[in-house]
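Being a predicted model, the structure only gives us computed values, none of them experimental. In listed order, ligands and their atoms are each counted from 1.
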Amino acid sequence: MATTKTEPKAAGEIRRAAKTYQGLSGQQLIEAYRIMYTSRRLDDREILLKRQQKIFFQISGAGHEAVGVAAGFALKPGYDWFFPYYRDRALALALGATPAEMLLHAVGAADDPSSGGRQMPSHWSYPKLHIVTGSSPTGTQILHAVGCAEVPRYLAAHPNAINKVEGDYRQFKDVSFENDEVTYVSLGDGTTSEGEFWEALNTSSNLKLPLIFVVEDNGYAISVPVEVQTAGGNISRLVSGFPNFHFEEVEGTDPVETYAAFARSVAYCRAGHGPAFIHAHVIRPYSHSLSDDERLYRPDAERQRDAQRDPITRTQMFLLREGILDENGINRVEKQVDDELQLAVDQALKASPPAPETVMRYIYSPDLDPTSAAFDTRPIAPSAEPAATDGKKPAPKTMADLINATLRDEMKRDERIVIFGEDVADCSREQYLQQKLVKGKGGVFKLTNGLQMEFGSDRVFNSPIAEASIVGRATGMATRGLKPVVEIQFFDYIWPAMMQLRSELPLIRWRSNNGFSAPCVIRVAIGGYLTGGAIYHSQCGESIFTHIPGLRVVFPSNALDAAGLLRTAIRCDDPVLFLEHKRLYRETFGRAAYPGPDYMIPFGKARIVQPGTDLTVITYGAVVPRALQAAQKLEREQGLKVELLDLRCLNPFDWDAIVTSVRKTNRALIAYEDTLSWGYGAEIASRVADGMFDSLDAPVRRVAAKDVFVAYQPILEDAILPQTSDLYRAMKELAEY
Ligand SMILES: Cc1ncc(C[n+]2csc(CCOP(=O)(O)OP(=O)(O)O)c2C)c(N)n1
Ligand SMILES: [Mg+2]
């Protein structure tokens, strides 16, 4: 940060009495120049190191430096929150990151504070400064910033949520906030073309969030000029209709004018009026990255026009013109920076690289293991259940009932939990509920029914139909310590959130070398066997998500398991994809008594649905009741005993249970509802074939859906999805092999 203290006058510095420039003192402007020059010289040093093959990638912040210092001077590190993109080197420096740290990042050292050698340079992460780990996909960070900006208002209304509680994720997750904190997010002009940018504008406008959007418009996205990205060529014009915003469009190579724009925007956000949008016109003198040569698509004349706006020379001229520094003063500042950088480079080149054996560290929480005995509790005895009003024993509950009850119990216990998604609220126009004009919906499957009424509209609310936004906002909130338990209405519509689910949420911890984490739960209604569900309401595809390191994937087949596993999902310290089979929500199969408010099942533990000796069937989800039927028929008709394993949790999965069972039966059949090829069963089959070859008396077989989408007409649906008869046939064949 710029210092405002009066420091002794140094040689070359001309001190004018208290003149300020948009509120910046001469001393602050010298500091601004020092940071901007440091940023540029760091880029230059890195470019040299890349050419010498001492670092492995370089992307520069050249041309964007004035925006960085302006933002850094207007905002407070460790108080406000920052979601910068890769051109924000000067911002990170202004907030307190050091050149030495940045060079450790560039060489990929073990001591790289941003990622421990896991991320490319310019992917900043500094927990103490509140610079949140960023990634390379353009625009994903904007939704995290929205989620982050939602946190202070929530915590002000729920101060108890801050409390640390032993025994669940809260023990390891610090929460703090400031009433008037502001969140900063930046992006390039090209990135405004991403849908997530517009989703973020929409929600932050609607919720009047204290969030500053900064578009650093250098006129190009790699080689594509701004008029191709943006209708009419000016993003300010397009966004000007969003309500509640404060807008600024500035010459972003001028630190003083840009600072003024930031100061006005910060004041607007801190006062709680809503978000701000700063459109800063900047330049990009060093091409997109070292892998790009802009002379291939930009003529010299255009590049020279840009060069005349270079923020470094512009600021230098300003200091000279205003008599803040003379030439000696400029030289002194630059020499100091160059000396510091030389030392930092020397140190970085001597730094130790990370040890190869550390690569698997921090994929999941190092503090709380959801497979451990801490998550193994017993259901309460049915007699301990509250009796129904008529004194009769309560009827067994469906999976839908117990998921609803578990959410209710956990929301009571943990005020950090918020629930949002499409249609999950009872009624967004809450006056209708208050006036008792309506009963309330609570989810298209009614799984969240009654929760808004019980816990309030700031804890259970509807989101726009924007799946990336649901997961992205949840990620931002979870990074700050809330526990979002969000819903994706149908698995078939999870794909707009795919970038968030693959490249963001599960990576927050690993890529920041445990600097940040985002434990939250994504509940998803999944699966077919619906008779009429057709292509877009029947999909499975769980293996696409079990393929993602860092994401736990759970898929219960019955009410009790759903309750126990959902509680573990909520209390654990990792992101969890919780798959709920729609066909099982209200099925007679697998109903159970309410197991109490603390019932948990550890992840990665299969359930033996029935023991057997002739064949192991490994399955999960809606295939469990079908496989059980087939196994019972096989025993009745052929006297063959199937050992049926319900995996319940797909990542981690219970390899030990599979080994124990297959050692006993010497035969393995993997059955799943998803399309056969490249599916979940392929991995299990491969591991059994590889690791248990000596135990096998028959080939490893799979039963699954045909390699086609689920059709509407029930005759076609039956032909496509694996049926009890298919399972029976495969079991019989394999047992008799
Ligand atoms: C989702 C996604 N698509 C493509 C890319 C490859 N890519 C990296 S930077 C970039 C251009 C970004 O341009 P802009 O937003 O204007 O930022 P600038 O680099 O100009 O500052 C592209 C296409 C990416 N990183 N992420
Ligand atoms: Mg650009």
* Mind checking whether Phe242 and Phe213 have ring centres under 6.0 Å apart? -> no

* Ring centre gap for Tyr493 and His537 strictly below 6.0 Å -> yes

* Of the listed options Thr192, Thr191, Val215, closest to atom 15 (O) of ligand 1 (non-hydrogen atoms) -> Thr191

Looking at ligand 1, does [X] have a heavy atom less than 4.0 Å from it?
{"X": "Gln229", "answer": "no"}
{"X": "Asn218", "answer": "yes"}
{"X": "Arg284", "answer": "no"}
{"X": "Arg87", "answer": "yes"}

Among all protein heavy atoms, pick the one closest to [atom] and tell me residue, atom and distance.
{"atom": "atom 2 (C) of ligand 1", "answer": "Thr138 OG1, 3.3 Å"}
{"atom": "atom 10 (C) of ligand 1", "answer": "Ile222 CG1, 3.8 Å"}
{"atom": "atom 9 (S) of ligand 1", "answer": "Tyr86 OH, 3.1 Å"}

* Closest contact, heavy atoms only, Ala221 versus Asp189 -> N-OD2, 4.0 Å

* Asked: Just which atoms of ligand 1 are under 4.0 Å from any heavy atom in Gly188?
  -> 14 (P), 15 (O), 16 (O), 17 (O)

* Do any nitrogen or oxygen atoms of Tyr85 lie less than 3.5 angstrom from nitrogen or oxygen atoms of ligand 1? -> yes

* **Nitrogen or oxygen of Gly190 less than 3.5 angstrom from that of ligand 1** => yes

* Picking from Glu46, Glu65, Glu101, what satisfies salt bridge (charged side-chain N to carboxylate O under 4.0 Å, His left out) with Arg89? -> Glu46

* To do: Using the Mg ion (ligand 2) as the apex, give the angle to atoms OD1 (Asp189) and O (Tyr220), rounded to 10 degrees.
  => 120°

